[in-house]
Amino acid sequence: MPDQTTFSDTVAPSAIRDGFRAAISQAVETFGATAPNPSVGCALLDAEGRVLTVGVHPRAGQPHAEAMALAQARAAGILDQARVALVTLEPCNHTGRTPPCSEALRNSPIQEVWIGAADPNPQASGGAERLREEPGAKRVVMLADRPDMVDLAQDCQALLAPFASRVVRHRPWISVKQALDEHGSMVPPPGQKTFTSPDSLVLAHRLRRATDAIITGIGTVLADRPRFTVRHVPDHEGRKPRLLVVCDRHGRLPADWVAEMTENGFEVLTSSDLLSVPALLAERGANWAMIEAGPALLASVAEAGLWDDWLTIHKTAATDRIDLKSRDESPLRLLRENACSLES
């Protein structure tokens with residue numbers, strides 16, 4: 001079997017980097033559409049290191065990223081040129097709603113497979129070992145074994161973080177979004193819904209689109225009757241209802257607001273116990289949840305440590321300042337970086 005730890009004999013490291021960047025960037029745009037599955041990207045390169053195609057997993061029940069990339073290359077008549085596959089997540093090795101991706105790669109012209117992150121799901125893992133099996137073994141390289149590509153490995157971990165959180169910790173990745181004016185207040189001026197810049201609004205709505213659930217408090221609902229819809233960027237077409245949990249201890253949730261939100265594509269849930277919300281969402285397949293709430297609920301979230309990353313938008317005289325705190329590799333960081341690259 002070929003040495004599994006050396007660099008590719010076929011393509012340059014710069015080509016590996018460019019291919020992974022393309023796969024990660026396109027996969028980031030699927031956040032919020034794939035749950036309970038992860039967001040995954042796969043780039044196919046030819047023998048010269050050129051990117052032939054990039055496939056992503058669009059949503060649960062549809063082909064995985066590797067199958068999409070292979071199908072796209074086949075449809076374009078270039079599959080026979082494919083030599084290297086760069087996959088952000090270890091190819092699955094089980095038959096679920098779709099066939100195993102490890103077998104699809106074994107039955108293709110691909111000679112070498114680079115894997116960005118190991119699969120934390122025991123039901124689907126083992127793809128790397130299957131790809132290495134004789135006869136017909138593929139050369140497999142894990143980014144975790146490449147210290148000189150640690151940044152790519154971190155990005156693949158960030159891409160995987162929401163799914164891994166649900167599978168390993170049995171709770172979604174939880175992001176807090178908070179906006180503060182020059183005086184540290186969260187309250188917009190009279191007659192306004194917000195005080196942040198257009199760019200900050202786009203980022204906030206990209207986060208809404210990327211998440212599978214929103215958590216808020218009854219105080220926010222009674223004071224503002226928020227819509228929580230995705231408006232400043234296009235939402236995912238045909239997505240399933242987004243979960244919306246309202247923390248309400250005394251049954252004050254207005255029935256007409258619930259009906260309005262249901263009509264707008266939400267499944268509204270209530271909880272009298274903030275600490276039980278993560279498990280509730282995980283049971284419903286949510287990989288990533290965001291908290292949009294007032295100071296009281298945010299204080300409870302902070303006290304309980306019930307967050308994974310915390311985005312604060314500070315309104316200043318010149319432009320907004322954005323701070324991001326994270327306890328691990330943050331998918332929100334990827335989302336923000338992708339937004340910047342799309343605008344440039």
Under a 4.0 Å threshold between the charged nitrogen and the carboxylate oxygen, would Arg146 count as salt-bridged to Asp151?
no

Step by step, would you call Val141 with Val113 a side-chain contact (heavy atoms from CB on, under 4.5 Å)?
CA-CA 6 Å; Val141 182; Val113 181; over 6 Å; no

Where [X] and [Y] come nearest, the two heavy atoms and their spacing:
{"X": "Ala289", "Y": "Thr211", "answer": "C-CG2, 4.1 Å"}
{"X": "Thr262", "Y": "Val268", "answer": "OG1-CG2, 4.3 Å"}
{"X": "Val51", "Y": "Gly19", "answer": "CG2-CA, 4.1 Å"}
{"X": "Leu45", "Y": "Ala15", "answer": "CD1-O, 3.9 Å"}
{"X": "Phe20", "Y": "Val87", "answer": "CE2-O, 3.6 Å"}
{"X": "Gly217", "Y": "Val246", "answer": "C-CG1, 4.0 Å"}

Would Arg169 and Asp308 satisfy side-chain contact (heavy atoms from CB on, under 4.5 Å), going step by step from the backbone distance to the final call?
CA-CA 12 Å; Arg169 301 191 297 166; Asp308 294 297; 2.9 Å; yes

Should [X] and [Y] count as side-chain neighbours, where that means a heavy-atom distance under 4.5 Å?
{"X": "Arg106", "Y": "Glu133", "result": "yes"}
{"X": "Leu298", "Y": "Val176", "result": "yes"}
{"X": "Leu70", "Y": "Gln72", "result": "no"}
{"X": "Leu281", "Y": "Ile215", "result": "yes"}
{"X": "Glu103", "Y": "Arg130", "result": "yes"}
{"X": "Val233", "Y": "Asp235", "result": "no"}
{"X": "Val301", "Y": "Leu274", "result": "yes"}
{"X": "Asp309", "Y": "Leu324", "result": "yes"}

Residues [X] and [Y]: side-chain donor-acceptor under 3.5 angstrom:
{"X": "Ser175", "Y": "Trp288", "value": "yes"}
{"X": "Arg166", "Y": "Asn287", "value": "yes"}
{"X": "Asn338", "Y": "Ser25", "value": "yes"}

Checking salt bridge (charged side-chain N to carboxylate O under 4.0 Å, His left out) against Glu112, which of Arg139, Arg132, Lys138, Arg83 comes through?
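Looking at Arg139, Arg132, Lys138, Arg83, the match for Glu112 under the salt bridge (charged side-chain N to carboxylate O under 4.0 Å, His left out) is Arg139.
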
Let me confirm one number: the [atom1]-[atom2] distance from [X] to [Y], rounded to the nearest 0.5 Å.
{"X": "Lys177", "Y": "Ile214", "atom1": "NZ", "atom2": "CD1", "result": "9.5 Å"}
{"X": "Phe163", "Y": "Phe31", "atom1": "CZ", "atom2": "CZ", "result": "12.5 Å"}
{"X": "Gln154", "Y": "Leu143", "atom1": "CD", "atom2": "CG", "result": "11.0 Å"}
{"X": "Asn93", "Y": "Asp119", "atom1": "CG", "atom2": "CG", "result": "10.0 Å"}
{"X": "Thr53", "Y": "Leu44", "atom1": "OG1", "atom2": "CG", "result": "6.5 Å"}
{"X": "Asp328", "Y": "Ser165", "atom1": "CG", "atom2": "OG", "result": "9.5 Å"}

May I ask whether [X] and [Y] are part of the same hydrophobic cluster, defined by side-chain heavy atoms of I, L, V, M, F, W, Y residues being less than 4.5 angstrom apart, directly or through others?
{"X": "Met68", "Y": "Leu105", "answer": "no"}
{"X": "Leu160", "Y": "Val150", "answer": "no"}
{"X": "Trp114", "Y": "Val56", "answer": "no"}

Quick one: do Leu297 and Cys247 satisfy side-chain contact (heavy atoms from CB on, under 4.5 Å)? Show the steps, please.
CA-CA 8 Å; Leu297 185 60; Cys247 295; 4.3 Å; yes

For His64, which of Pro100, Cys92, Pro91 qualifies under side chain to side chain contact (heavy atoms under 4.5 Å, CB included)?
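Output: one option passes, namely Cys92.
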
With Pro278 as partner, the option from Glu283, Arg171, His170 fulfilling side chain to side chain contact (heavy atoms under 4.5 Å, CB included) is Arg171

Short side-chain to backbone donor-acceptor contact, [X] and [Y], under 3.5 Å:
{"X": "Ser271", "Y": "Asp273", "result": "yes"}
{"X": "Arg206", "Y": "Arg336", "result": "no"}
{"X": "Arg59", "Y": "Gly238", "result": "yes"}
{"X": "Gln26", "Y": "Gly55", "result": "no"}
{"X": "Arg327", "Y": "Trp307", "result": "yes"}
{"X": "Lys240", "Y": "Ala35", "result": "yes"}
{"X": "Thr312", "Y": "Gln178", "result": "no"}
{"X": "His314", "Y": "Ile322", "result": "no"}
{"X": "Thr88", "Y": "Gly41", "result": "yes"}
{"X": "Ser330", "Y": "Ser326", "result": "no"}

Are Asp320 and Ser200 close enough, and set up right, to give a side chain to side chain donor-acceptor pair (under 3.5 Å), and what steps lead you there?
CA-CA 7 Å; Asp320 292 353; Ser200 295; 2.6 Å; yes

Is there a salt bridge (Lys or Arg N to Asp or Glu O under 4.0 Å) between Arg225 and Asp256? Walk through the geometry before answering.
CA-CA 10 Å; Arg225 292 184 68 92; Asp256 62 333; 3.3 Å; yes

Salt bridge (Lys or Arg N to Asp or Glu O under 4.0 Å) partners for Glu90, two or more places apart
none

Between Asp323 and Trp310, is the side chain to side chain donor-acceptor pair (under 3.5 Å) condition met? List the steps.
CA-CA 8 Å; Asp323 293 333; Trp310 193 300; over 6 Å; no

Taking atom CZ of Arg249 as the centre, report whether more than 12 heavy atoms of other residues, nucleotides or ligands fall under 6.0 Å from it.
no

If you count the non-hydrogen atoms of other residues, nucleotides and ligands that lie under 6.0 Å from CZ in Arg227, is the total more than 12?
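Check fails, neighbour count at 12 or below.
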
Please determine whether side-chain contact (heavy atoms from CB on, under 4.5 Å) holds for the pair Thr216 and Val221, giving the CA-CA distance in whole Å, both sets of side-chain angles, and the decisive distance to 0.1 Å.
CA-CA 8 Å; Thr216 193; Val221 173; 4.0 Å; yes

